[in-house]
Undergrad: 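Can you read through this structure? Questions will come right after.
Since we're looking at a predicted model, the values are computed, not measured.
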Amino acid sequence: PTSLDIAVARRELALEKRAAELLHENQLSFYAPHPKQKAFHDNAIARYRYARTGNRFGKSEMGAAEDVAFALGYRPWIAEGDPARTLGIPSHPTKGLIVCTTWKKSREVFTEMETGGLGKLFKYIPKSRLGKPTKNHSGFIDRIPVRHISGEWSVIFLDTIEGFKNNPLAQESSVHDWVHVD
């Protein structure tokens, strides 16, 4: 191989490495919902949306994508200029709540950071927009700040049915812009 071949190969390798970094740092931009998930996202003008499907449909995946989109203020996987990019999303930073059955399930699905695979929220929140998550008294992540396009902070709260049973008044007087029951 010539020195030109080597230089081209190095440049291609550097470009592939940068593409992998961009994908890792901005996975929500590359989210590609299947047609039924797309129908859910396209119905964003509805005040309430409900997806009741079988196992392995991708409910948590599409829910996490939509949750992060609301926290960011737009849907990064939809092209700029397309009205669906911001349809139904408040223009201000949001306060959202995700409810899971247990804290272990919450970590497994949404907030895993330690066992190699990322939870869906950390998979989709762009690394440059992620604030410092906080943990509850049991060591589970219960609050994730996300930098909104306005520059202010949106907050994603996590809670559980298990927690509600233990303390039904824990969420009393809380006002959320959106709620995702998983």
Undergrad: Which side chain to side chain donor-acceptor pair (under 3.5 Å) pairs, counting each pair once, include a residue from residues 70-79, with sequence neighbours left out?
TA: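 Qualifying pairs: E66-R75.
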Undergrad: Apply side-chain hydrogen bond (donor to acceptor under 3.5 Å, both in side chains) to residues T94 and W178 and explain how you reach the verdict.
TA: CA-CA 8 Å; T94 63; W178 55 267; 3.2 Å; yes
Undergrad: How close do S154 and P93 get, counting heavy atoms only, and between which atoms?
TA: OG-CA, 3.4 Å
Undergrad: Testing the basics here: between A79 and R85, what is the closest heavy-atom pair and its distance to 0.1 Å?
TA: O-CD, 3.6 Å
Undergrad: Using side-chain heavy atoms (C-beta onward) and a distance below 4.5 Å, is I156 in contact with V146?
TA: yes
Undergrad: Hydrophobic side-chain clustering at under 4.5 Å (ILVMFWY, transitive links): who's grouped with I6? Put none if nobody.
TA: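 Taking Ile, Leu, Val, Met, Phe, Trp and Tyr as members, I6 stands alone, with no cluster partners.
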Undergrad: Among all residues two or more places apart in sequence or in another chain, which pass the side-chain hydrogen bond (donor to acceptor under 3.5 Å, both in side chains) test with D142?
TA: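 Checked D142 against side-chain hydrogen bond (donor to acceptor under 3.5 Å, both in side chains); matches are T134.
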Undergrad: How would you list, by chain and number, every residue that makes a side-chain hydrogen bond (donor to acceptor under 3.5 Å, both in side chains) with D177, sequence neighbours excluded?
TA: none
Undergrad: Mind listing the side-chain donor-acceptor pairs of residues 13-21 below 3.5 Å, one per line with the distance, residues two or more places apart or on another chain?
TA:
from : atom 1 : to  : atom 2 : distance (Å)
R18  : NH1    : E21 : OE1    : 3.2

Undergrad: Decide yes or no on side-chain contact (heavy atoms from CB on, under 4.5 Å) for K135 and F140, but give the supporting numbers first.
TA: CA-CA 5 Å; K135 294 182 179 182; F140 293 97; over 6 Å; no
Undergrad: When rounded to the nearest 0.5 angstrom, what is the spacing between CZ in R107 and OG1 in T111?
TA: 7.0 Å
Undergrad: Of all residues at least two apart in sequence or in a different chain, which pass the side-chain hydrogen bond (donor to acceptor under 3.5 Å, both in side chains) check with T2?
TA: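 side-chain hydrogen bond (donor to acceptor under 3.5 Å, both in side chains) list for T2, sorted by chain: D5.
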Undergrad: Can you tell me how far CG of L158 sits from OG of S106, rounded to the nearest 0.5 angstrom?
TA: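 It comes to 4.5 Å.
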Undergrad: What heavy-atom pair brings R143 and P145 nearest, and what distance separates the two atoms?
TA: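 So the two residues come closest at O-CD, 4.0 Å.
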Undergrad: Taking the hydrophobic residues Ile, Leu, Val, Met, Phe, Trp and Tyr, and joining any pair whose side-chain heavy atoms are under 4.5 Å apart, which ones share a cluster with F164?
TA: none
Undergrad: L4: which other cluster members, linking ILVMFWY side chains closer than 4.5 Å, directly or transitively?
TA: V8
Undergrad: With a cut-off of 3.5 Å and sequence neighbours excluded, list every side-chain donor-acceptor pair involving residues 122-133.
TA:
from : atom 1 : to   : atom 2 : distance (Å)
K123 : NZ     : E61  : OE2    : 2.7
Y124 : OH     : E61  : OE2    : 2.5
K127 : NZ     : F122 : O      : 2.7
R129 : NH1    : R147 : O      : 3.3
R129 : NH1    : H148 : O      : 3.3

Undergrad: Any donor-acceptor pair under 3.5 Å linking the side chain of N26 with the backbone of S29?
TA: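 It does not hold such a pair.
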Undergrad: Atom CH2 in W103, atom CD1 in I141: separation rounded to 0.5 Å?
TA: 10.0 Å
Undergrad: State which residues pass side-chain hydrogen bond (donor to acceptor under 3.5 Å, both in side chains) with T53; sequence neighbours excluded, sorted by chain then number.
TA: K59
Undergrad: Any chance you could measure L121, atom CG, to I144, atom CD1, to the nearest 0.5 Å?
TA: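 Reported to 0.5 Å precision, the distance equals 4.5 Å.
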Undergrad: For K36, enumerate each residue passing the salt bridge (charged side-chain N to carboxylate O under 4.0 Å, His left out) test, keeping only those at least two apart in sequence or located in another chain.
TA: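 Partners of K36 under the salt bridge (charged side-chain N to carboxylate O under 4.0 Å, His left out) test: none.
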Undergrad: Of Y50, F70, F110, which meets ring pair (Phe, Tyr, Trp, His ring centres under 6.0 Å) against H180?
TA: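 The option that passes is F110.
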Undergrad: Any chance you could measure K120, atom NZ, to L28, atom CG, to the nearest 0.5 Å?
TA: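 So the gap between those two atoms works out to 13.0 Å.
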Undergrad: Please answer whether the main-chain N or O of K105 pairs with a side-chain N or O of T102 as donor and acceptor at a distance below 3.5 Å.
TA: yes
Undergrad: Give me the other members of the hydrophobic cluster that L87 sits in, counting Ile, Leu, Val, Met, Phe, Trp and Tyr linked by side-chain heavy atoms under 4.5 Å, directly or via other members.
TA: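 Members alongside L87: I45.
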Undergrad: Please report the interatomic distance NE2(H176) to CZ(F157), rounded to the nearest 0.5 Å.
TA: 6.0 Å
Undergrad: Start with the C-alpha gap between E162 and K165, add the side-chain angles, then the distance that decides, and say whether salt bridge (charged side-chain N to carboxylate O under 4.0 Å, His left out) holds.
TA: CA-CA 5 Å; E162 175 184 80; K165 286 179 179 178; over 6 Å; no
Undergrad: Return yes if some donor-acceptor pair links the side-chain N/O of H92 with the main-chain N/O of S150 below 3.5 Å, else return no.
TA: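 Not at all, since once roles are kept as given, no pair shorter than 3.5 Å links the two residues.
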